[in-house]
Structure formats: C-alpha cells, structure tokens
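Before any comments, here is the structure.
Worth saying up front: this structure is predicted, and the values here are computed from it rather than measured. First listed ligand is number 1; within each ligand, the first listed atom is number 1.
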Amino acid sequence: MKKPSRLSHVRNIGVAAHVDAGKTTLTERILFYTGASYKIGEVHDGAAHMDYMAEEQQHGITITAAVTKAPWREHLLQLIDTPGHVDFSIEVERAMRVLDGCVLVLDGVRGVEPQTETVWRQRSHFKLPALFFVNKMDRPGADFRRSLDAIRERLQAEPVPITVPFPEEACVVHLIDRTRIRFHGDQGDQVVIDPCPPELWERCADLRESLALTAAEVDEALADIVLAGEEPDAPSLRAAIRKGTLAGALFPCLGGSALRNLGVQPVLDAVVDFLPAPLDRPPSLARTPDGSEEAVVMGAEGSLAALAFKVQLWDGRRHVFARIYRGALKPGDSLAFLGGDGKVRSEHLARIFDVDAGKKTKLDEALAGQIVLLAGLRFASTGDTLCAPGHLLSLERIVTHAPVLGLAIEPAAGTEEDKLIEVLGKVQQEDPTLLVEEDPETGQRLLRGMGELHLQIVIERLAREFGVSVRTGRPAVAMRETICQAASADALFAPPPTPDPRQPDLMARAVVTVRPLARGEGEQIEVRPRVLPEGSALSPGQVLAIEQAIGGALMSGPRSGSQLQDLRVEVVEVELFGQGSPPDALAAATAKALRKAIDAAQPALMQPIMRLEVVVPEFSLGAVLGDLQARRALIQDTSAQGDLAVIAAEAALERLLGYTTDLRSLTQGRGQFSMTLDRFDLC
Ligand code: G4P
C-alpha cells in the first residue's frame, strides 16, 4: 500500500492556508477517512496527528511540514501539512517546491485572508495546480458564494464549484454528479449518496450551469455540446475540469466543514480526479556544471536527480527529506551534489525511510515520485540536488528570505557556552531562515529569525530537545542603509613603494559615483569605466575584482554596519599604473572611492515596514485602532466581516514587538493578526 506501484496513481499534495482556516482539522479527517490513522486527533485537544512536535501541540499551530501517506481509491496521496503562520513561510515554500498540487483551505466566514494571498503567490511561482476547500461552512456568517467571489477578485483565479455545502441539511450537493452526499456515523465516515432532491437542486442549479460553461472554455468538444444546449455527461465534465486544472486555468472549489465532518471525502475524490500525478507535471529544468540546461523527466529511467528540501533532526540525528524526480535510491548508494558554495561533495546514503508524521519505516528502495527521509548524509542540506556521482545537476534552489528580527542570547549557565554553539549549529541546519551572528560591537550572540514567534519556538526547542536554557535580550530589528543623494568620489590606492624593482606597481585609482534608487529596487552595479592611460583596457579578472569589491563594500554601511540597498553604483573611471595595476589594487581603490562617495551621499538608516491585517471582534475595534495609532501605524482600511472587524495597516516592525500579547489583552484573546515584510524604509 505504501509503495506507489504506478506513478499515475500518486498525488503529492500540500494543504496550505491562512492560520486557523482549518488545515490541520481537515488533514486529520483525510488521514482518518483514508485509513492512514485510526482516530481523529483534534487540534483543540492538542492531539492532532500531524502536529506532533511538542511546541506544535502547545501552541495549537503547525510549525514543521510533516509528510504523511494516505491511500484513496487505489491512489496514494503523499500529504504535506504546511504551517499558516507567516514566520514559518519557508516551510510552505519548501513544500510547494516538491509538491505537484495543493489544497488551499479557506475559512468560509473570512474568505481570502492575507496569508492565503501569500500562499497563493508561492503557489503561482511554482505554477502548482490547486483546488479550494471552503471550510467552516457551519459557522454563522459563512458564505460559499462570497468565497467564490473572493477567489475571483483577490486571487484573480477562476473557481469552479464542484460541491456546494448545505450545513443546515447536513449534506453537500455534487454539481457534476447531481447528487446529494450525506455523511453519517459519529465521524461522518459513512457516505450516503442519492440523487439530489429537486428543491435542493434549485438552490444551486445556476452554479452547475456556470460550471458547464467554464469547463467548456477549456475543452472544444465540450463547448460544442454545451453550446448546442445539451447536457454534458459527468466523465466529459471531469476530464475538461482536470485539463483546465492541470493547465492552471481552473481551480475546483469544494465546500464543507471539517470539524462537523461535512464534505471532506469529496475533497479526496477531487484530489484524485483533478490534481496532477507526478508524470502530469512538466519536466523540471536542471543546470549542469558547465551551465547548460537539462530537462529532468519524472520517471525511473535515467540517472538520479533528487531534491533535498528539508533537514530534520530525528532522535537527535541528522536526516534529510528528499523528493526523487528521476531514477531510484538504495541504502548504501554513493551520492554527489553541488553545494550552495559551488563545491562538489560526495556522500554515502545509509538508510531510507518512508515517513508518516512522527513515524518512520525503513525502505529497501525509493523510486522517482516518492518523498523519503534519508539518513547518513552529513552535508546535504535544503536546496541541494542529490545526483549519481559523475552526473551532477542542480534543480532550482529554494529561495530563503533574510531574517528581520534578532534576539541576543546567552546560555543561562555560563558553562553551557560550547553546548549552545553546537546545538545552534544543528538547529540552523534544519532552518535556513535562522541565522546565528555575533554582534561586532557588543560581541553578543544574536539569533536572527523571521518573527517573534519563530524565535520563541527556537528558544523553547533548545530547552526541551537539547536541555540548553538561554537568557534572551530584547528583540532587535534588522536594519538596512541607503543614501539620500548622489555623490562622486575619487580615490588613489598607493601602498608604500617596495625597494624591490621586480615587484609590480601596486597603485590604482578609481572614480565612483553613487545615486539613490526607489525603495525596493535593490542594488545596481555598473563597471564600464573610462580606463587611463588612454588606450588601455581592463581584463576580465580586473573587472571581477572591482565588482567583488563593490559587493563587499555594500555589505556594511557607515551608519550601523548594515547592508546598503536601493542605490546605483557606477565606476566611471579607473587609472592603471606601471605594467597595469593588479586586481587587488583596483579592488582596494574602488572600495575606498565607494566608501568616500557613500559618506558624501547622506547615508541613512532604513527599518523594516510591515503590512499587517488585524482581525478583531467589533467590540474591541476602538481600543485596537487607538493602540495601532499609538504605535504610529498607518491605518489603510477597516471593514466588517460578520461580527468581526478587519483592519489593514502598515507599521514599523520595531513598534510591533510584543504586539501578539497586547492584542490578546485588548480583545479578550480573540484578536488575530498576520504581518508580512513590505519594504525597508527610512526611519
Ligand atoms: P489551521 O491548521 O489552519 O491553523 O487550523 P486548525 O485546523 O488548527 O483549526 C483552527 C480552529 O478552527 C480550531 O479550533 C478548529 O477546531 C476550528 N475549526 C476547524 N475547522 C472547523 C470547521 O469546519 N468549523 C468550525 N466551526 N471550526 C473549525 P480551536 O483549536 O478550538 O481554536 P479556536 O477555536 O480557539 O480558534
């Protein structure tokens, strides 16, 4: 059951959503109905099967992506439950990278939320076919049609309703089959299907009509039938919707309530019917070491290509999650890969495991299409492409984001210093969004991460998993620097002459101009200088040295040592001496001129500005708005959603520290917020 015999019968699926939309509750049902787990673990009891980490159970949220397997209708679903909190978006990114399709869960009351949009952007980047489950339809104020509109308006996607939920009738109506589906038994596991009664059908017949028209748009044969006023049959509709979904033109939508066990089994059917098998996905493009491209077609034929997408410590040992794209893996295999630093490394694979949330089972072999856990790899980390030695390839790497928040930490007991360093190294391997740095001024050790919750969870893990307690300072926000005006500077690099006449002349001169760019434009570097003496030219080695010197100088600005951005640097003139200045001398002259130019260009500090959405009960709106204003937030919009108020605002991250706790007390624990980095801007 666990081993996919045919790739056409495998679905690698992620479940993603805004926090609290019900992903974990849905996933628990999926595992139960598919027989992958013997009981439903409830989130509110801290018993969810997929949220197996102690911190996940304590906070009631999903932190690490967990892989699990669930059989359905002779298919094998490989399921990855992804976290909704923005602090852990690397987990979503990693999951999306290796999945073939995803189920996006919406809250039927709130519709499309900010994190839904973030997840949607990640989905769009990987062109992942997706379907929607509009959850919580049992709640007052839930509206299936409004959710369809929100998908159209906020995500610019074409939803195709497949099942329409009628929680008051304890059923969903299947628009393709024209059936009513009821879910009997304590756990909703006894599915009763009968023809849809006419009075119920009347309430959703218009949706069936629009379904047929939308499907007709992607399938000519179906269009002929629909335009002739005839009724298309169910298999033709399913085939057309599958075609449109795989092409990314359509997004099937199903409604229900995971908590009330309403409408979940049709989601599983829809995964099998509409989402792609590994072979349905276009080949992945990989780069060879000589820079050419190779299309990696999913299948057992050809040399190995597997993507390491997550490093996890399991019982204290290093393990690597990998998705196999081509070829097969056996314990004892030798592997090679090109690391992020460009070096080729060889590894020996000791063991392969099949993973089901917190459990792992040994495998003798793993094939293309599978997601497996590998033991014995000492170096391979997130983003590395594992290959057969002699046939190196690099699949697209996983993008990681720079951390925005730092926390000074030190061991609670002075003697644990060495242990802390060792343990931080381990945790960092697992989590590429976590950085450990030393503050050059204070010598303090800084833990940098994506947000307060992220850092808090790491600190808790250090204590629970590794027995290292730490003391922390106040969180410090990561800064950037920029310049406010254009400036130009000329610098001569002239070390004292050596008495040895055989030594080359080490002098060089450079003229550099800098000019500010708009926010978010990053850095532009141009090295096309006039070269003196007239008639000389720079070698590629000299140009490279100049570019590297600029890159290096931009890493640390004059105000706080933070990275410089949103500026253009142009090397307008260089002067060579003697036999032609060596690259090192040119690099030194350029760096000196650049630093002088930046000093003259009004350098300024920039801080992270966050976009936030705050959802609070009506009664607390005034207090929450007052508090936001006190934090100098710019309120952009407030709107009502049932008995909730939604505030859109932007504010400096510095002023949002501790906001989770304050919001909780202002709203009797019912307020929620999510934030994403919008830009770095002047303080
Ligand atoms: P997530 O993984 O997307 O973050 O969501 P999760 O499943 O943890 O669900 C969040 C909360 O919403 C849970 O309540 C869960 O029981 C509830 N929930 C999930 N699906 C439904 C549904 O279909 N209908 C209703 N009414 N509720 C649902 P909780 O842990 O008690 O949190 P809270 O209620 O205190 O927020």
Side-chain angles (χ1 to χ4, degrees), residues 14-33 37 40-53 55-66 68 79-89 91-92 95 102-120 132-144 147 163 165-168 170-172 183 187-188 254-267 357 453 457 615-617 642-644 660 663-664 667-674:
V15 183
H18 188 92
V19 68
D20 261 1
K23 291 181 310 292
T24 310
T25 308
L26 174 70
T27 309
E28 289 299 317
R29 267 60 188 178
I30 291 178
L31 297 183
F32 177 69
Y33 296 142
S37 76
I40 294 176
E42 293 294 5
V43 181
H44 51 250
D45 298 334
H49 177 78
M50 299 287 277
D51 284 350
Y52 60 90
M53 264 172 69
E55 285 78 17
E56 296 185 320
Q57 293 182 356
Q58 199 177 331
H59 291 266
I61 53 167
T62 312
I63 298 159
T64 50
T68 205
L79 218 69
I80 295 206
D81 185 31
T82 57
H85 194 287
V86 69
D87 283 8
F88 307 104
S89 62
E91 296 285 353
V92 183
C102 63
V103 175
L104 297 173
V105 185
L106 297 189
D107 177 326
V109 181
R110 297 192 186 164
V112 172
E113 299 180 80
Q115 186 68 5
T116 326
E117 291 180 314
T118 308
V119 172
W120 181 256
F132 288 92
F133 179 60
V134 182
N135 188 32
K136 302 201 183 183
M137 288 305 302
D138 58 310
R139 287 188 53 204
D143 191 331
F144 185 65
S147 297
T163 60
F166 290 99
E168 65 289 0
C171 72
V172 302
F183 306 88
Q187 319 266 27
L254 297 99
S257 161
L259 192 64
R260 308 278 169 238
N261 305 322
L262 181 82
V264 174
Q265 292 90 333
V267 176
L453 183 61
I457 301 272
V615 182
V616 297
D643 58 351
L644 295 171
T660 316
L663 182 68
R664 220 176 277 146
T667 58
Q668 296 176 3
R670 291 177 53 203
Q672 282 194 356
F673 83 106
S674 62

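Close approach to A258 involves these atoms of ligand 1, each under 4.0 Å from a residue heavy atom: 23 (O). Close approach of ligand 1 to S257 (heavy-atom distance below 4.0 Å) involves ligand atoms 22 (C), 23 (O), 24 (N). Proximity to D138 (heavy-atom distance under 4.0 Å) selects the following atoms of ligand 1: 22 (C), 23 (O), 24 (N), 25 (C), 26 (N).
Under 4.0 angstrom from ligand 1, the non-hydrogen atoms of L259 come from both its backbone and its side chain. Residue L26 does not touch ligand 1, judged by heavy-atom distances below 4.0 Å.
Annotation: side chain of L26 is in contact with side chain of V103 (closest heavy-atom distance under 4.5 Å). When side chains are defined from C-beta on, L79 counts as touching L31, because their heavy atoms get closer than 4.5 Å. Side-chain contact between Y33 and N261 is present, with heavy atoms from C-beta onward closer than 4.5 Å. Between V105 and V15, the closest side-chain pair of non-hydrogen atoms falls below 4.5 Å.
Between A17 and ligand 1, no pair of N/O atoms sits closer than 3.5 Å. Residue contacts with ligand 1: G22 is placed with a nitrogen or oxygen under 3.5 Å of a nitrogen or oxygen of the ligand (distance criterion only).
With hydrogens and angles ignored, the 3.5 Å screen pairs no side-chain donor or acceptor of D138 with any backbone N or O of P167. At distances below 3.5 Å, not a single donor-acceptor pair connects side-chain atoms of S257 with backbone N or O atoms of M137. Under a 3.5 Å cut-off, the side chain of Q265 and the backbone N or O of F183 do not form any donor-acceptor pair.
When the heavy-atom distances from atom 3 (O) of ligand 1 to R29, R260, K23, M137 are ranked, the shortest goes to K23. For the residues K136, R670, R139, the heavy atom positioned nearest atom 17 (C) of ligand 1 is part of K136.
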